[in-house]
> 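Let me give you the structure first, and then I'll get to my questions.
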Amino acid sequence: MATILEIEDLSVHFPINIGTVQAVQDVNLRLEQGEVMGLVGESGCGKSTLGFSIVRLLRPPGKIVKGRILYHGQDIVQMSQKEILSLRGRKIAMIFQDPLTSLNPLFRIDRQFIETLFTHERGLDKKTAFRRAEKMLESLGISPERLSEYPHQMSGGMRQRIMIGMGLILNPDLLIADEPTTALDVIVEAQFLDLLNDLRRQYNLTIILITHNLGNVAQLADRITVMYGGTIAEVGQANTIFEDPLHPYTQGLLSSIPNIKLDQPKLKTMPGSPPDLVDPPSGCVFHPRCPYVKEICRVQKPETFTEDGRLVSCWLYG
Amino acid sequence: MRENVEELLTITNLKKHFPVQKGFLDNLLAKKKGFVRAVDGVSFFIQKGEVLGLVGESGCGKTTTGRLILRLLEPTSGEVLYNGKSIFSYSRKQMERLREKMQIIFQDPYASLSPRMSIGKAIGHPLVIHNNFSKAEIRERCLQIMGKVGLTPASFLYKKYPHQLSGGQRQRVVIARALVTNPDFVVADEPIAMADVSVRAMILELMAQLKEEFDLTYLYITHDLATCKYICDRVAIMYLGKIVEIGTLEEVFKKPAHPYTATLLAAVPVPDPKYRRTHPIPKGEIPSPINPPPGCRFHPRCHSAKSTCSVHEPDLVEVREGHWVACFL
């Protein structure tokens with residue numbers, strides 16, 4: 001398999017009045033063509049920031065201070081505004097959490113589709129554009145007549161499907177989905193995950209699924225990256241991470257999620273709360289909450305070790 | 001439903017219809033006024049000391065039901081009996097007294113705390129309203145309850161403001177504020193929906209522990225069936241303003257009798273990569289409560305709908321002891 005995206009030593013900082021938020025710190029990640037990577041973690045762990053960095057849509061004052069993001073070997077960090085514009089949308093698409101705020105309420109759906117097409121493909125005639133939008137809607141399971149409707153006339157699930165349609169209409173090969181089902185109800189969420197699974201095959205997509213919902217990740221992802229406090233705790237195959245988590249944070253996270261199919265009498269809880277990223281703990285960011293903390297964890301950042309095919313940043317495996 | 005001396009709350013045929021605002025043109029054309037039938041004839045009871053889960057998708061009327069039970073909203077019709085007395089017959093003064101005993105925990109700990117009130121003041125506020133305590137007594141009680149909900153060190157956090165706390169701590173403040181008047185009954189409206197995964201487990205655990213300690217009765221409103229399992233004794237499933245199934249946790253989860261319940265259970269994402277869903281997921285979404293489908297409200301999405309389902313509305317019938325279902329199957 002070919003590598004589609006390679007992130008090397010990436011750090012993203014947000015300088016604010018009380019200091020600098022080290023949102024993403026020294027992150028290394030490699031994505032293979034055609035895989036679904038689940039990027040999981042709690043709020044504030046840097047997973048969305050990482051996603052936004054890849055399409056260079058960081059909100060100011062956020063800045064990539066270090067590292068490279070190689071997309072098919074080209075460094076996105078060094079690209080000019082013009083180069084990134086030709087990449088964003090056409091090659092790398094992103095869908096966001098809230099489909100209501102991501103669609104323009106004043107324009108009908110067809111216009112929003114056609115605008116996307118015209119922006120990226122000059123010289124396209126209106127009829128072809130319209131036909132392509134119709135075809136896209138069909139593959140999303142929405143009747144093409146609804147192209148002439150406004151976003152408010154659609155339900156939440158339909159809007160999210162429109163969003164993914166607008167993301168896919170230019171045939172990108174990388175899709176970044178940032179919490180795509182958080183605003184949806186359970187049944188609609190299940191429908192959407194099924195759709196994403198179909199589209200993935202149909203369009204030969206590589207997907208980064210950013211979410212805090214481990215249930216979603218379990219259903220869709222091939223590999224999982226667990227983030228904590230701006231750093232990567234663990235990367236590995238979905239099966240092995242769920243079966244035998246290595247990093248103490250992953251272990252804690254997995255035992256604190258409810259599983260409707262299991263007979264767990266009680267959920268385990270993790271003491272403490274996520275770190276303050278303006279002033280992160282010394283050494284391993286997880287050490288104040290870690291049940292297996294050793295002396296070295298307090299002073300030195302853990303290296304990344306390979307343990308039966310997985311990458312884990314923890315001194316327990318050093 | 002049935003007589004039981006232990007019933008803390010009895011809800012009978014409760015309805016709440018919100019009028020839909022008409023536009024100028026609709027007025028001119030004298031169009032008929034529409035109503036959102038948010039809660040449309042709901043009957044159930046809550047026993048003393050139990051946790052009843054009220055589950056459904058957004059817009060099914062679960063929050064409205066919770067608010068009607070506390071009389072934060074006036075019903076269109078129907079009755080809520082608290083310890084055998086109708087709360088809708090209470091005067092404003094009497095209602096104020098009663099609120100000491102019936103409290104609510106809201107979903108969003110960011111929006112339900114005033115940014116200008118210190119934590120101590122926010123928690124002590126209900127006591128200022130309900131009781132004639134001295135300042136020292138109020139402080140004493142606040143610190144005590146803060147310790148109970150795990151806001152420690154209490155005297156340090158007492159002076160803090162909401163923005164200085166984490167999300168989990170804020171939710172603890174909201175819980176402490178609800179419990180400071182020593183209530184019997186608490187409506188918890190999606191108390192963990194905004195919280196992070198690791199915080200959720202903590203809040204659920206805390207709620208279960210406080211229930212024992214304060215001898216509480218909860219109405220736990222949620223859209224997440226998976227969390228119900230850890231706290232509820234019984235669950236009621238709502239769809240479009242109606243209760244479609246109600247029974248003990250075990251019964252409803254293991255032997256769901258209503259197709260909607262089965263679908264909801266199947267749709268919950270399972271954190272296990274080896275698990276594959278086998279139950280079919282219905283197409284479409286929850287219809288508008290302004291014009292709910294005739295007959296059984298679930299029939300347009302139901303896999304096993306029969307011809308009678310689109311004509312007649314099923315009543316709640318007891319299929320097993322304490323397990324009620326509104327379905328013709």
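Every chain is numbered from 1 and lettered A, B, ... according to where its sequence line falls, protein lines coming before strand lines. No hydrogens, no waters, no symmetry mates; every other heavy atom, side chains included, goes into these values.
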> Give the member of A:P271, A:A190, A:A221 that has the highest number of heavy-atom pairs under 4.5 Å with chain B.
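The answer is A:A190.
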> Is there any residue in residues 148-160 of chain B with a non-hydrogen atom under 4.5 Å from a non-hydrogen atom of chain A, and which ones are they?
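Listed by number: none.
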> With a 4.5 angstrom heavy-atom cut-off, could you sort out which part of B:Y275 is near chain A: side chain, backbone, both or neither?
both
> Give a yes or no on this: more than 12 heavy atoms of other residues, nucleotides or ligands lie within 6.0 Å of atom CZ of B:F214.
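Counting neighbours around CZ of B:F214, more than 12 heavy atoms of other residues, nucleotides or ligands fall under 6.0 Å, so yes.
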> At their closest point, which heavy atom of A:A238 faces which heavy atom of B:P273, and how far apart are they?
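Where A:A238 meets B:P273 most closely, the heavy atoms are O-CG, 3.7 Å.
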> If you define the side chain from C-beta out and look only at heavy atoms, does anything of B:R276 sit under 4.5 Å from A:Q219?
yes
> Heavy-atom count check: over 12 atoms from other residues, nucleotides or ligands less than 6.0 Å from B:E250 CD?
no
> Shortest non-hydrogen contact from A:I257 to B:P271?
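Answer, listing the atom of A:I257 first, then B:P271: CD1-CB, 3.3 Å.
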> Quick check against the 3.5 Å criterion: does B:K229 have a side-chain atom that pairs as donor or acceptor with the backbone of A:K261?
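Checking the backbone N and O of A:K261 against the side chain of B:K229, no donor-acceptor pair under 3.5 Å is found.
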> Would a distance-only check, ignoring hydrogens and angles, find a side-chain to backbone donor-acceptor pair under 3.5 Å from A:Q191 to B:P282?
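Such a contact is found between A:Q191 side chain and B:P282 backbone.
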> What part of B:L265 gets closer than 4.5 Å to chain A, counting heavy atoms only: side chain, backbone, both or neither?
both
> Does any part of the side chain of B:V197, heavy atoms only, come nearer than 4.5 Å to the side chain of A:S256, both counted from C-beta?
yes
> Please report the shortest heavy-atom distance between B:Y230 and A:N259, naming the atom on each side.
OH-N, 3.3 Å
> Between B:A201, B:G168, B:P269, B:G167, which residue shows the highest count of heavy-atom pairs closer than 4.5 Å to chain A?
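Top option by heavy-atom pairs under 4.5 Å: B:P269.
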> Using a cut-off of under 4.5 Å on heavy-atom pairs, state which of A:G156, A:P274, A:G252, A:G157 scores highest against chain B.
A:G157
> Output the distance between atom CG (B:D272) and atom CG (A:L214), rounded to the nearest 0.5 Å.
12.0 Å
> Please state whether the side chain, the backbone, both or neither of B:I281 comes within less than 4.5 Å of a heavy atom of chain A.
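Side chain only.
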> List the atom of B:R277, the atom of A:D194, and the distance in Å for their closest heavy-atom pair.
NH1-OD2, 2.9 Å
> Counting only non-hydrogen atoms closer than 4.5 Å, does A:N213 touch chain B with its backbone (N, CA, C, O), its side chain (CB onward), both, or neither?
side chain
> Which is it for B:I286 and A:D185 under the side-chain contact (heavy atoms from CB on, under 4.5 Å) test, yes or no, and what are the steps along the way?
CA-CA 10 Å; B:I286 206 163; A:D185 268 315; 5.5 Å; no
> Taking the side chain as every heavy atom from C-beta outward, state whether B:E57 and A:I187 have any pair of such atoms under 4.5 Å apart.
yes
